[in-house]
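Keep in mind that what you see is a predicted model, and the values were worked out from it rather than measured.
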Amino acid sequence: QVQLVESGGGLVQPGGSLRLSCAASGSVFRINDMGWYRQAPGKQRELVARITRGGSINYADSVKGRFTISRDNAKNTLYLQMNSLKPEDTAVYYCNADVQFSAAILNRSNYWGKGTQVTVSS
C-alpha cells in the first residue's frame, strides 16, 4: 500500500507565495512520473504541472513563470513552489504519482493524495 500526503496549503493574499509538498510512503520501489493537479469548486480537476523521474517538466499555461515543480527522488517527495498567486489559483491541490513496487516495470499503479486547500484572497 502507498500513501501520498500533501502539506503546505493555506490562506494567502494575492501576490503571495506558498510551497506545497507531497511525501510518498509505503511499498515504493521507484516513483516514475509525479504531478500536481487542482480542482476549484464547480470545475473539473486540471493539470498544474508534471515532472518525470529524470526531471522533464510540463506546466499548464496558466501557471508558467509563476509555479515551479521539483522532486527529491531520494526522499520520494514532490514540491510545488507557487509565487505571484492569484485568486483564480484557489483550489484543492492534489498530488499524483506513478509508483513501481519492484524492478518489474509493469508492477506499478497510480495514486492520488487527499489534497490540500489553497485559498488566495485579500
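Using a 4.0 Å cut-off between a side-chain N of Lys or Arg and a carboxylate O of Asp or Glu, Asp89 and Lys86 do not qualify as a salt bridge. A salt bridge between Lys114 and Glu6 is absent, with no side-chain N of the basic residue lying under 4.0 Å from a carboxylate O of the acidic one.
Clustering ILVMFWY residues whenever any of their side-chain heavy atoms sit less than 4.5 angstrom apart, transitively, puts Ile69 in the very cluster that holds Ile31. By the rule that hydrophobic residues join a cluster once side-chain heavy atoms approach within less than 4.5 Å of another member, Tyr93 and Val120 end up as members of one cluster. A continuous path of ILVMFWY side-chain contacts below 4.5 Å connects Ile57 to Val63, so both sit in one hydrophobic cluster. Under the 4.5 Å side-chain heavy-atom criterion for Ile, Leu, Val, Met, Phe, Trp and Tyr, Val92 and Leu47 are members of the same hydrophobic cluster. By the criterion of side-chain heavy atoms lying less than 4.5 angstrom apart, applied directly or through intervening Ile, Leu, Val, Met, Phe, Trp or Tyr residues, Val118 is grouped together with Leu4 in one hydrophobic cluster.
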Side chain to side chain contact (heavy atoms under 4.5 Å, CB included) between Arg108 and Val99, worked out: CA-CA 5 Å; Arg108 64 203 293 175; Val99 179; over 6 Å; no

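The main-chain N or O of Ser84 is found under 3.5 Å from a side-chain atom of Arg66 such that the two form a donor-acceptor pair. Using modelled atom types, no side-chain atom of Thr90 and backbone atom of Thr119 make a donor-acceptor pair closer than 3.5 Å.
Inter-residue side-chain proximity for Arg19 and Met82 is flagged as unmet; no heavy-atom pair is nearer than 4.5 Å. Between Asn110 and Asn96, some side-chain heavy-atom pair lies under the 4.5 Å cut-off.
For the residue pair Thr52 and Asp33, no side-chain donor N or O sits within less than 3.5 Å of a side-chain acceptor on the partner. Checking Arg50 against Tyr59 by side-chain atom types alone, no donor-acceptor pair falls below 3.5 Å. In summary, the side chains of Ser17 and Asn83 do present a donor paired with an acceptor at a separation below 3.5 Å, with no hydrogens or angles considered. Of the N and O atoms on the side chains of Gln100 and Asn32, at least one donor lies less than 3.5 Å from an acceptor on the other residue.
The shortest non-hydrogen separation linking Ser122 to Pro14 is N-CD, 3.7 Å. Closest approach of Ser102 and Asn107 over heavy atoms only: OG-ND2, 3.1 Å. Closest non-hydrogen pair, Leu78 versus Gly35, comes out as CD2-O, 3.6 Å.
A cation-pi contact links Arg45 to Tyr94, judged by a cut-off of 6.0 Å to the six-membered ring centre and 45° from its axis. Within the cation-pi definition used here (under 6.0 Å to the ring centroid, within 45° of the axis), Arg71 does not qualify as a partner of Tyr79.
To the nearest 0.5 Å, atom CG of residue Leu20 and atom CD of residue Gln81 are 9.0 Å apart. Here CZ of Phe67 is found 6.0 Å from CG of Leu80. Values are rounded to the nearest 0.5 Å. Annotation: the span from Asn76 atom CG to Met34 atom CE amounts to 7.0 Å, rounded to 0.5 Å. In this structure, the separation between CD on Gln3 and SG on Cys22 is 11.0 Å, given to the nearest 0.5 Å. The distance from atom CD1 of Ile51 to atom OG of Ser56, rounded to the nearest 0.5 Å, is 8.0 Å. Between atom CD of residue Gln39 and atom CD of residue Glu46 there is a gap of 9.5 Å, rounded to the nearest 0.5 Å.
Taking a 6.0 Å sphere around CD of Glu88, one finds it holds more than 12 heavy atoms contributed by other residues, nucleotides or ligands.
Ring geometry, Phe101 versus Tyr111: the interplanar angle exceeds 60°, so the pair is classed perpendicular (tilted spans 30 to 60°).
Ring centroids of Tyr37 and Trp112 are separated by less than 6.0 Å, placing the two rings close together.
Partners of Ser7 under the side chain to side chain contact (heavy atoms under 4.5 Å, CB included) rule, at least two apart in sequence or in another chain, are Ser21.
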